[in-house]
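These notes are about the structure you will find just below.
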There are 2 protein chains.
Amino acid sequence: MPDHGGDRRPKYQRIADELRTAMDAGAFAPGDRLPGENDLMAAHGVARMTARQALSVLRAEGLAEARKGVGVFVRSFRPLRRRGVTRLSRERWGNGRSVWSADLGDRTLVVDRVEVSAAAPAGPRVARALGLDSPEAPVCVRRRRFVLDGKPVLLAVSYLPAPFTEGTAITEPDTGPGGTYARLAEHGHRPVRFREEIRCRMPTPAETTGLALEPGTPVILICRTAVTETGVAVEFNEMTLDASTYVLEYDFEA
Amino acid sequence: MPDHGGDRRPKYQRIADELRTAMDAGAFAPGDRLPGENDLMAAHGVARMTARQALSVLRAEGLAEARKGVGVFVRSFRPLRRRGVTRLSRERWGNGRSVWSADLGDRTLVVDRVEVSAAAPAGPRVARALGLDSPEAPVCVRRRRFVLDGKPVLLAVSYLPAPFTEGTAITEPDTGPGGTYARLAEHGHRPVRFREEIRCRMPTPAETTGLALEPGTPVILICRTAVTETGVAVEFNEMTLDASTYVLEYDFEA
DNA sequence: GAGTGGTCTAGACCACGAA
DNA sequence: TCGTGGTCTAGACCACTCG
């Protein structure tokens with residue numbers, strides 16, 4: 001008979017709370033091992049599935065990660081800072097201190113995979129974002145995966161209207177010094193205005209494998225549209241970020 | 001006997017995949033009822049816990065929500081757009097209009113709860129963000145909850161150095177026309193530069209209750225620092241957003 | 001009252017990693 | 001080899017919603 005000991009809350013919630021409180025109090029540091037299923041069964045006198053459910057709560061919250069055959073451990077959060085504005089315009093204004101201090105600015109992202117298609121149909125969504133007349137309009141598609149210290153952290157798919165990329169290095173895996181935007185500028189299509197839209201949700205199975213995500217890790221979606229001085233959209237970039245890795249930063253003026 | 005039918009993947013994953021694929025194909029529209037635990041047990045010849053685990057996968061992905069005693073249903077996503085740059089431009093808050101008005105479509109976003117403390121110790125984190133000398137330095141703390149059509153979607157905690165707020169309406173629940181920034185401007189502390197830092201993670205239990213979140217819904221954290229022309233930080237604002245409600249938007253130039 | 005999802009038990013076999 | 005977490009079964013009682 002399930003005796004809740006004067007507490008109406010489910011057992012697995014109380015066990016999870018107890019562990020979470022201990023973690024907050026510093027009893028378990030990031031990387032430390034947590035009590036396993038067997039420990040919780042013995043300590044709380046519950047069945048296997050109940051102990052398991054308690055741990056699954058912590059994993060779903062992104063607080064713990066299980067390693068098969070080893071144990072359950074406290075996850076750590078070491079953010080990678082992405083500066084939305086200054087990264088596209090070399091200019092800084094140093095006021096306003098960062099809240100999440102662990103700034104790994106010196107680490108460099110390595111492109112893991114590149115996949116380029118010189119011309120493919122835009123499709124309705126991309127055509128609308130780029131302001132193209134037809135969903136059949138050809139676009140250059142560049143897919144890339146970025147890896148930080150061996151762990152994939154960012155998937156990016158960039159769409160550019162084919163007329164702007166034909167005969168340029170943009171259709172090559174290596175776009176050359178300055179990257180895509182430098183090539184666009186050389187051909188008179190320099191992007192000057194940007195819009196980034198940000199969403200956040202739980203990952204699809206494809207994203208989970210592509211980013212090697214732990215359970216309980218959301219993804220951040222950034223959709224960037226780049227526009228020239230004359231108001232022509234030259235790039236639509238869809239990025240999928242491991243939310244346990246990234247902190248986004250935007251500086252702007254009133 | 002666990003017969004995986006020539007497939008190495010777990011049964012619950014294959015069941016979840018089947019439902020997810022059907023949802024993508026449009027067999028289940030947002031709001032539609034999905035096959036329940038009993039349906040899946042019968043259809044796939046599995047035990048209760050296995051069918052349950054399959055559904056829990058979809059809930060953890062934010063795709064489905066369970067209603068006790070009723071069934072499991074496809075979740076819908078109706079985003080609320082938050083414009084990070086233009087919403088803080090001077091014209092917006094200079095003319096007495098609420099900065100939030102621009103965010104709304106046909107829906108209404110109202111402040112649900114306000115809690116103001118005229119002077120409290122900043123604490124190390126806030127002191128650092130505001131560039132205060134001491135963690136004991138007094139700050140005005142304003143806590144607010146915003147509700148959209150009856151559902152809480154945003155928790156905001158704003159910290160302002162007490163010297164800038166003493167004797168102003170900022171220490172009142174109602175800050176008056178133009179809000180906090182208008183009051184700051186009137187006393188010679190007009191914020192002109194802003195930095196917003198964005199993170200995303202799974203919610204804490206407090207956030208889950210405070211925002212009435214469904215399981216499988218991440219939260220977006222925005223930390224905004226507002227700085228005057230002379231480089232003095234006058235506000236540090238921590239916001240917690242229901243990620244299933246919000247889309248953030250940032251416009252900027254190269 | 002019937003059906004639903006929420007919680008829980010007491011077993012079982014497996015794959016994995018470390019000693 | 002041994003302990004770990006991953007999966008799965010076959011039951012059970014409960015609270016909730018709806019007709």
Side-chain angles (χ1 to χ4, degrees), chain A residues 1-19 31-60 63-75 205 208-209 212-216, chain B residues 1-19 28 31-60 63-75 205 208-209 213-216:
Chain A
M1 60 184 66
D3 177 14
H4 289 183
D7 193 339
R8 277 163 233 61
R9 295 153 46 64
K11 286 185 182 180
Y12 75 93
Q13 282 286 4
R14 282 183 288 145
I15 297 174
D17 284 357
E18 182 182 309
L19 290 174
D32 279 2
R33 179 171 186 173
L34 290 170
E37 298 174 357
N38 296 341
D39 300 311
L40 295 179
M41 289 168 67
H44 295 85
V46 296
R48 181 105 194 282
M49 287 300 296
T50 306
R52 211 176 152 63
Q53 199 170 0
L55 291 172
S56 83
V57 169
L58 300 181
R59 291 195 300 157
L63 297 178
E65 66 182 300
R67 296 178 208 152
K68 207 191 297 184
V70 185
V72 184
F73 299 83
V74 181
R75 285 183 61 177
T208 299
T209 60
L213 295 174
E214 297 288 333
Chain B
M1 62 183 74
D3 176 14
H4 289 183
D7 193 338
R8 280 165 234 59
R9 294 154 46 66
K11 285 184 182 179
Y12 76 93
Q13 281 287 3
R14 282 183 289 147
I15 297 173
D17 285 356
E18 182 182 310
L19 290 174
F28 302 103
D32 279 3
R33 177 170 186 175
L34 290 170
E37 299 174 358
N38 297 340
D39 301 311
L40 295 180
M41 288 169 65
H44 295 85
V46 296
R48 182 103 194 283
M49 287 301 296
T50 306
R52 212 176 150 64
Q53 199 170 1
L55 291 172
S56 82
V57 169
L58 300 180
R59 290 195 299 157
L63 298 177
E65 67 182 299
R67 296 176 209 156
K68 208 192 297 187
V70 185
V72 184
F73 299 83
V74 181
R75 287 182 60 178
T208 299
T209 60
L213 296 174
E214 297 289 334

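Residue numbering restarts at 1 for every chain, and letters A, B, ... go by the order of the sequence lines. Only a predicted model underlies this, so the values are computations on that prediction, with no experimental measurement involved.
- Residue-to-nucleotide proximity on DNA chain C shows that, of Val46(A) and Val70(A), the 5′-proximal contact is made by Val46(A).
- For Ala66(A), whose side chain is taken as the heavy atoms from C-beta onward, the closest listed nucleotide among dT7(C), dT9(C), dG5(D) is dG5(D).
- Rounded to a whole Å, the CZ atom of Arg33(B) is 12 Å from the P atom of dG3(C).
- Distances were taken from every side-chain heavy atom of Pro10(A) (C-beta onward) to each of dT7(C), dT9(D), dA10(C); the shortest belongs to dT7(C).
- Between Glu214(A) and Arg59(A), the closest side-chain pair of non-hydrogen atoms is not below 4.5 Å.
- Residues Leu55(B) and Met49(B) both approach DNA chain C. Their nearest nucleotides, taken by heavy-atom distance, put Leu55(B) toward the 5′ side.
- Comparing Gly45(B) and Gly36(A) by the nucleotide of DNA chain D that holds the closest heavy atom to each, the one mapping nearer the 5' end is Gly36(A).
- Comparing dG5(D), dT4(C), dC8(D) against the side chain of Arg52(A) picks out dG5(D) as the nearest.
- Distances were taken from every side-chain heavy atom of Arg48(B) (C-beta onward) to each of dG5(C), dT9(C), dG5(D); the shortest belongs to dG5(C).
- Taking the side chain as every heavy atom from C-beta outward, Leu19(A) and Leu40(A) approach each other to under 4.5 Å.
- The nearest whole Å value for the distance from the CG atom in Leu40(A) to the C1' atom in dC8(C) is 15 Å.
- Distances shorter than 4.0 Å separate some side-chain N or O of Tyr12(A) from OP1 or OP2 on dT7(C).
- Looking at Arg67(A), its side chain has no donor and acceptor atom pair within 3.5 Å of the base of dG6(D).
- dC16(D) atom P lies 18 Å from atom CZ of Phe73(B), rounded to whole Å.
- Not a single donor-acceptor pair under 3.5 Å links the side chain of Arg52(B) to the backbone N or O of Ala47(B).
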### Message
Could you walk me through whether Arg48(A) and Met41(A) satisfy the side-chain contact (heavy atoms from CB on, under 4.5 Å) test, starting with their C-alpha distance in whole Å, then the side-chain angles of each, then the deciding distance to 0.1 Å, before giving a yes or no?
### Response
CA-CA 6 Å; Arg48(A) 181 105 194 282; Met41(A) 289 168 67; 3.8 Å; yes
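- At the phosphate of dT4(D), OP1 or OP2 sits under 4.0 Å from a side-chain N or O atom of Asn38(A).
- The distance from atom CE of Met41(A) to atom C1' of dG5(D) is 12 Å, rounded to the nearest whole Å.
- Looking only at side-chain heavy atoms (C-beta outward), Glu37(B) and Leu55(B) come within less than 4.5 Å of each other.
- In this entry the distance linking CD of Gln13(B) with P of dG6(D) reads 12 Å, nearest Å.
- Close to dC8(D), at under 4.0 Å from its OP1 or OP2, lies no side-chain N or O of Arg14(B).
- Among dC8(D), dG6(D), dG6(C), the nucleotide with an atom closest to any side-chain atom of Lys68(A) is dG6(D).
- Regarding Glu37(A), its CD atom lies at a distance of 14 Å from the C1' atom of dC16(C), rounded to whole Å.
- Of the candidates dT9(D), dG6(C), dG5(D), the closest approach to any side-chain atom of Thr50(B) belongs to dT9(D).
- Across the protein-nucleic acid pair, Glu65(A) atom CD and dG5(D) atom P stand 13 Å apart, rounded to whole Å.
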